[in-house]
Engineer: 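Before we start, here is the structure in question, set down as structure tokens.
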Amino acid sequence: MEAEGNLQLLLQNPDLSADLKHIAEKVLNNKRISFDEGVVLYEQGDLGYLGVLANYIREKKHGDKTYFNRNFHIEPTNLCVYDCKFCSYSRLLKQKAEGWEYTMDEMFKMVTKYDGEPVTEVHIVGGVLPQYDVPFYQEFFSRIRAHRPELHIKALTPVEYHYIFKKAKIDYATGMRLMQEAGLDSIPGGGAEIFHQEVRDLIAKDKCTADQWLDIHEEWHKLGGRSNATMLYGHIEKFWHRVDHMERLRQLQDKTGGFQAFIPLKFRNQDNQMSHVPESTVIEDLRNYAISRIYLDNFDHIKAYWAMISRNTAQLSLNFGVDDIDGTLDDTTKIYSMAGAEEQHPGMSTKQLVELIKNVGRQAIERDTLYNVVTDFTNFEFPEESKPKYYKLPVIN
């Protein structure tokens, strides 16, 4: 395999430092790297070196397969009781004029709008408000389940669950069981930000702690549920904070095996309280994807949101450990566009998404939320678009 050959060539490089050579040998021999070695990767690993290691792991796990899914988003509200400094999306209650609060009926209409469409997942996440409580979501999930049983409900982050369970005076285990009984299928990875308390206190002091975030995922995993995990990077955190974040995820994954994908989220500085903080470069984005792939050896998938980082960077990321580029195929999410993401109207047809993947030599696989193959587009021929007809006009002399 070419990726292994590239790794062997890397190991023969006489200019490679002893530390980096030792890490590369560990990767080749399928051995876990340590916390300190994770920090070394951030401090010393150049883009080419990291790409070789990450692509070796990516191809060993998935070959050229690159996954996407057909989903749509429902964002109940952008009003929120919390005041996260990095958030461009939510509006505090005092900014209510700039916000929205959908009723259950309005959100249910969004679901029925996709009747007959080949979507496999509804992704529900938004701000935190008192009226969106446990009974509200129990009823909403139940209505979706009754209306379209096969539609996978991926909903709410631990930030939302912590709030509604506390309000209902129930523990996490009871709350997650109630959500599962109502129809919840899996949990997205949001709200993790950076776990270390010294950073969390500065950027997201009010919301659930790292331990609470992890505890909610653990309770969900105990019920047999799957979930994702994220990390908000490229703001005020140091490299070791990122490694600390991934270490805590790796430890929980060792314990439960319930995480499916890790999604590094790039900090965007538009219209928020951290606008003075510069954004990370594309090179740093790719380095971060690569190190995530190397460090999180027990996570099957590393995901990049193409709508957030741009189509071109998403293509590049497929050589730096990423094997999933999500699948928001229409303009149903405002979370990233309001923060200044590359895609202000993130819509892409299936054909465009497949071509984006194939154009960098990868294999496009449409998946469902649990990574079952829906369609392998390797040898798929899209029907030709109808060509416009031209009529010969009479010539007037």
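Numbers for residues simply follow the sequence, beginning at 1. Just the heavy atoms: all of them, side chains too, but no hydrogens, waters or symmetry mates, feed the values below. Keep in mind it's a predicted model, so treat the numbers as computed, not measured.
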Engineer: Does a side-chain N-to-carboxylate-O contact under 4.0 Å join Glu59 and Arg362?
Structural biologist: yes
Engineer: Could Arg70 and Glu366 be called an ion pair, given the rule that one side-chain N must be under 4.0 Å from one carboxylate O?
Structural biologist: yes
Engineer: Decide, yes or no, whether a salt bridge links Glu150 with Arg148 under the criterion of side-chain N to carboxylate O below 4.0 Å.
Structural biologist: yes
Engineer: Is the Phe108 ring parallel, tilted or perpendicular to the His147 ring (thresholds 30°, 60°)?
Structural biologist: perpendicular
Engineer: Tell me whether the NZ or CZ atom of Arg242 lies within the 45° cone about the ring axis of Tyr233 and under 6.0 Å from its centre.
Structural biologist: no
Engineer: So, Phe299 versus Phe259, ring centres under 6.0 angstrom or not?
Structural biologist: yes
Engineer: Determine, for Arg248 against Asp244, whether the closest basic-nitrogen to carboxylate-oxygen distance falls under 4.0 angstrom.
Structural biologist: yes
Engineer: Can we say Glu106 and Lys109 salt-bridge, meaning some charged N sits less than 4.0 Å from an Asp/Glu carboxylate O?
Structural biologist: no
Engineer: If we check side-chain hydrogen bond (donor to acceptor under 3.5 Å, both in side chains) with Ser186, which of these qualifies: Gln260, His152, His123, Arg226?
Structural biologist: His152
Engineer: With a 4.5 Å cut-off on side-chain heavy atoms, are Tyr172 and Tyr161 touching?
Structural biologist: no
Engineer: Whether the Arg58 and Asn319 side chains hold a donor-acceptor pair (N or O, under 3.5 Å, no angle test) is what I'd like checked.
Structural biologist: no
Engineer: Would you call Lys358-Asp64 a salt bridge at under 4.0 Å N-O?
Structural biologist: no
Engineer: On the ring face of Phe239, is Arg287 found with NZ or CZ under 6.0 Å from the centre and within 45° of the axis?
Structural biologist: yes
